[in-house]
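Atoms within each ligand, like the ligands themselves, are counted from 1 in listed order.
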Amino acid sequence: MTWPDCSGAEPRLEPRTTGDGSFSLWSEAFDQSFHSARGAIQEARSTFLAPADLERRPQGTEVKVLELCVGTGTNTAELLDHCRRHHLNLRWWGLESDQRPLRLALAEPGFCSQCSPEALAALRSLNDVGFCGAGAMVWGDARSSLQSLLPQLSRQCDLVIHDAFSPSVCPELWSMEFLELVARCLNPHGRIVTYCSAAAVRQTWRLLGLQQAGLPPPAGSGAHQWSGGTVASWNPLPLAVPLRPFTAMEEDHLLTRAAEPYRDPTLAGSAETIRASRAQKQAQGRGSSTSAWRRRWQGEAGLTDPGRFRPS
Ligand SMILES: C[S@@+](CC[C@H](N)C(=O)[O-])C[C@H]1O[C@@H](n2cnc3c(N)ncnc32)[C@H](O)[C@@H]1O
């Protein structure tokens, strides 16, 4: 096939096929894959949709969903199908800075064939005109987009899907200031769901006053991963499968320097500035070292990466 032009000054996006055969991309700018190597569709279902538990609502209910980092639209397509299957009336807002991932996905026959006809039509409409029956795309930096949307979304959302690249490479979407904006979109029983288990993110949500649960490592990840993600809400979460309380190891992680939050007071700082100010705080802080934490818990579970395990 002929790929749309992604050459020139823009950093490359390269196609990848994930473990379940579904389409993904690798980003040169972030040096990260868009999805788990195990499978993009599998991740959408097990990491985002299962913990969201939208289907607990009666048929015909309206569910409001904010999706951060739409990328290829894989999570969007799965969400659209899920809501249709469960007769839920989806109202959706999708935030994304780069139009290329969705364009590239829609140009790929493999991606189109993994989508239902209804989801594909919706994604094409989002790509072409920026909206579909369920909602609208807001193109641009999610930090400014969310500030503009806040009057409309404040205390409204049943679900926020947070699928930014890892905090270490995209700290601007995991800062305390940005996560507070995200949390303000939740209705009292709404949930933020993410693949991310980073101590900095969990500690930030704790400081903001959110309740949290962990997700188990995905089946088959063996010793490579100790957590499958995090769910946060203003109210206590029912600890039913797949949600579980943080383990002693996870709680101990929050006492280390890795739990130092990312700060972005202007909501416009560069990744370098945000990382540098956090490193300075870590150097001054009193938390225990993360390597000591790793040594303490070695053998308990794989400790390869406290964030996303997404080899490219
Ligand atoms: C891990 S990928 C998202 C994968 C996506 N959910 C999917 O199913 O393909 C992260 C996405 O974040 C986007 N992104 C990076 N920085 C952003 C920002 N400041 N605001 C909005 N989107 C951003 C990237 O363009 C990329 O598409």
Heavy-atom proximity to atom 19 (N) of ligand 1, picking from Ile161, Asp141, Leu146, points to Asp141
Can you tell which of Val70, Thr74, Ile41, Leu25 gets a heavy atom nearest to atom 5 (C) of ligand 1? Val70
Between ligand 1 and Leu95, is the shortest N or O to N or O distance under 3.5 Å? no
Pull out every atom of ligand 1 sitting under 4.0 Å from any heavy atom of Asp98, numbered as shown with elements. 25 (O)
Consider every N or O of Glu96 and every N or O of ligand 1, then say whether any pair is closer than 3.5 Å. yes
Proximal atoms of ligand 1 relative to Gly140 (non-hydrogen, under 4.0 Å): 20 (N), 21 (C)
Qualifying side chain to side chain donor-acceptor pair (under 3.5 Å) pairs with a residue from residues 48-64, counting only residues at least two apart or across chains: Glu55-His82, Arg57-Asp158, Lys64-Gln156
Whether Trp293 and His253 hold their rings parallel, tilted or perpendicular, with breakpoints at 30° and 60°: parallel
Ser97 N/O to ligand 1 N/O under 3.5 Å: yes
Heteroatom distance test (Asp163, ligand 1): nitrogen or oxygen, under 3.5 angstrom: yes
Where's the contact between His35 and ligand 1, heavy-atom distance under 4.0 Å: side chain, backbone, both or neither? side chain
Among side-chain atoms of Ser277 and Arg263, is any donor-acceptor pair under 3.5 angstrom? no
Checking side-chain polar atoms at under 3.5 Å, does Arg202 have a donor or acceptor matched by the opposite partner on Ser227? yes
For Asn75, is at least one N or O under 3.5 Å away from an N or O on ligand 1? yes
From the options Phe165, Tyr195, Phe111, select the one residue that forms a ring-ring contact (aromatic ring centres under 6.0 Å, His included) with Phe34. Phe165
Within a distance under 4.0 Å of any heavy atom of Thr72, pick out the atoms of ligand 1 and give their elements. 7 (C), 8 (O), 9 (O)
Below 3.5 Å, N or O to N or O, backbone or side chain included: is there any such pair between Pro101 and ligand 1? no
What class does the angle between the rings of Trp174 and His162 fall in, given that below 30° is parallel, 30 to 60° is tilted and above 60° is perpendicular? parallel
Distance from Arg100 atom CZ to Arg12 atom CZ, nearest 0.5 Å? 11.0 Å
Thr76 contact mode with ligand 1 (heavy-atom cut-off under 4.0 Å): neither
Test item: side-chain donor near acceptor, Ser166 and Ser168, under 3.5 Å: no
Between Arg143 and Glu172, does at least one N-O distance fall below 4.0 Å, as a salt bridge requires? no
Enumerated ligand 1 atoms positioned under 4.0 Å from heavy atoms of Ala142: 18 (C), 20 (N), 21 (C)
